[in-house]
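Take a look at the structure below.
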Amino acid sequence: SVHMGRHCWALIGPVPGDGAGPPAPERVLFPPTFSVSEIKNKQRRHFMFLRWKQQQRKEKLALKKKRRKEREALGDKAPPKAVPKTIENQRVYDETTVDPNDEEVAFDEATDEFAPYFNRQTVPKILITTSDRPRGRTVRFCEQLATVIPNSHVYYRRGLALKRIIPQCIARDFTDLIVINEDRKIPNGLVLSHLPDGPTAHFRMSSVRLRKEIKRKGKEPTEHVPEVILNNFTTRLGHSIGRMFAALFPHNPQFIGRQVATFHNQRDYIFFRFHRYIFKSEKKVGIQELGPRFTLKLRSLQKGTFDSKFGEYEWIHKRREMDRSRRKFHL
Amino acid sequence: MHSDDVVWSMLGNRQFCSYKMTTKTQNFCRNEYNLTGLCNRSSCPLANSQYATVREEKGRCYLYMKTIERAAFPRRLWERVLLSKNYEKALEEIDENLIYWPRFIRHKCKQRFTKITQYLIRIRKLTLKRQRKLVPLRRKIERRENRREEKALIAAQLDNAIEKELLERLKQDTYGDIYNFPIHAFDKALQQQEAESESESDAEREEEDEDDEDVDKREFVEAEDSELSDFEDMDKLETSSEEEQEEEEEVEKKASHSKWKGKTPLKGPARRKRPYIEIEYEEETEPSTKTKTA
């Protein structure tokens, strides 16, 4: 009733537009079925909502303080801190996760296509090329990639079929082939093929940043052989992809150069970064980003060299089956 | 023949023809039997009772002819002749079939036939080459993947991960002797010294038990020794680290100038020699923006 309404107003306190009113009262009396959303006036409703929010925050802070006091009071007997749930924590356990001491995996790796590289029998030599008619951005990206990866050469594809390029590459002693696919003037795909009949991986490439677009970058990468960091490649599939990436770089990093190329896998996205590091002290290192950066997402892994029709696929990303769960990752 | 003129004046000249398409500069004729594709008095198939065209079907070219005798029979109006696959022979066939026909139609027929053969050749060449397959992007999926990539990037904390990995590699001594941090070396020296002092203290206890008179002397000697050894070790440390560092820095200087950019040098002890090198580097450095360090 109207009487009730007036009663409410009197208790609510200063309303915005009253100028400098007294500060809001600590304890506010509301009729039991009142809710902030019922006020029709937007300004007043907003004001009430802000006040309610402040109250909530205060309560939360008070609760936190209380908990902390309790924890301190208990001292050693306090229960362990609750670890927040993250996607990495909740990840569905993949049965193909590699155990570091697994003998079968070690045996496989000693006899797969990368064994000659890891035994230092072959020196990586890489051919970088693009799809037909590359536009400026892709060309510049290829050049920068060639500076990052030692012993690599960029050749332009002039309408040649990949199947014809591959035997020629093998004849000229190339160990790896990188094809950068382009769409609408930006690179969007990467095909990495290990040459003497090695596996072929097809990636979707995104967030490509050339050197000039990187903020606070350093000078150009030098000719020193960089180190390689491979993070988070846990499953069998991840392991084979990690070895593919490692096989791109020569096995003898020159620490004088202080350059490091990182392939970091997080939730099936592989982030590539190229840094120069400097050890300021024993516990502190500074890194400076040079070089291009991009992210890759694996689309398919094929056993032989590039053959889209008749190849034997080890792994294809099937959207309907594999994207069902948000906690399941494959790399 | 005058019906042609009537037809043209009614349809072609004005806008009544449904096949006529007008643009700013030109009029086109959409009739499939049109020879040139333009809307003209001489190329309108409706306004010419004697007309011929060349059309291709499934890769083969045909010559279509229309004569005034068959004007009353729409079903039999257009007579079709298959042209040979050989270019020159086909031209001769056109000439032969259109003998005594107006020059314009003969000429245009041959021109059209030439154009058609050219584009057929091109089609055959292109089908042999690789064709780009256009795969449509699904917007929802693209958006989902972009969003997930952003979140994965935030979760990855790349800088921290890289720094951690590098520090671990340093701890595990993969860099060998390049980085010789004072804490490391100092620890080693301390350990050595402790080992020495332990053995010495054992010996001292034995001696003390034997001779109590020469306690002071021995203590004095001991203290001197330890101080000296300390100092020597420190010196050795300094010089060795300095030498190595100088060598290393010289090499770095040669390899790439001004990587230091006036940052504070690494080594702790023997700061007296540092400023000398710092100044050198500062002279070499170019004025540049601050570099990202962490």
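No experiment lies behind these values; they were computed from the predicted model shown. All chains are named by letter (A, B, ...) in the order of the sequence lines, taking the proteins before the strands, and each is independently numbered beginning at 1.
- A distance of 10.5 Å separates CD in B/E165 from NE2 in A/H264, rounded to the nearest 0.5 Å.
- Looking only at side-chain heavy atoms (C-beta outward), A/D323 and B/R144 come within less than 4.5 Å of each other.
- For the atom pair CG (B/L158) and CD (A/Q266), the distance works out to 8.0 Å, reported to the nearest 0.5 Å.
- Here the closest heavy-atom approach between residue B/A152 and residue A/Y269 is recorded as CB-CD1, 4.0 Å.
- A salt bridge does not link A/R319 to B/E145: none of the charged side-chain nitrogens sits closer than 4.0 Å to a carboxylate oxygen.
- Remark: A/E227 engages B/R169 in a salt bridge, criterion side-chain N to carboxylate O under 4.0 Å.
- Considering every non-hydrogen atom in both B/L167 and A/F279, the closest pair reads CD2-CE2, 3.9 Å.
- Atom CG in A/D183 sits 7.0 Å away from atom CG in B/L137 (nearest 0.5 Å).
- B/L153 touches chain A through backbone and side chain together, each having a heavy atom under 4.5 Å away.
- Contact annotation for A/T86: neither backbone nor side-chain heavy atoms come within less than 4.5 Å of a heavy atom of chain B.
- For chain B, the nearby part of A/N181 is the side chain; its heavy atoms alone come within less than 4.5 Å.
- Surrounding CZ of A/R326 are at most 12 heavy atoms belonging to other residues, nucleotides or ligands under 6.0 Å away.
- From A/I287, atom CD1 reaches atom CG of B/D159 across 4.0 Å, with rounding to the nearest 0.5 Å.
- Around the CD atom of A/E220, the shell of radius 6.0 Å holds no more than 12 heavy atoms that belong to other residues, nucleotides or ligands.
- Atoms NZ and CD, on A/K283 and B/E163 in that order, are 15.0 Å from each other to the nearest 0.5 Å.
- In terms of heavy-atom proximity, A/S206 sits nearest to B/E149 at OG-OE1, 2.8 Å.
- When the shell of 6.0 Å around CZ of A/R137 is examined, it contains more than 12 heavy atoms from other residues, nucleotides or ligands.
- Proximity to chain A involves both the backbone and the side chain of B/K151, based on heavy atoms less than 4.5 angstrom apart.
- For the set A/N231, A/L160, A/I87, the count of heavy-atom pairs under 4.5 angstrom toward chain B peaks at A/L160.
- In this structure, chain B has no heavy atom under 4.5 Å from any part of A/E223.
- For chain A, the nearby parts of B/L166 are the backbone and the side chain; heavy atoms of each come within less than 4.5 Å.
- Residue contact with chain B, scored on non-hydrogen atoms closer than 4.5 Å, involves the backbone of A/K284 exclusively.
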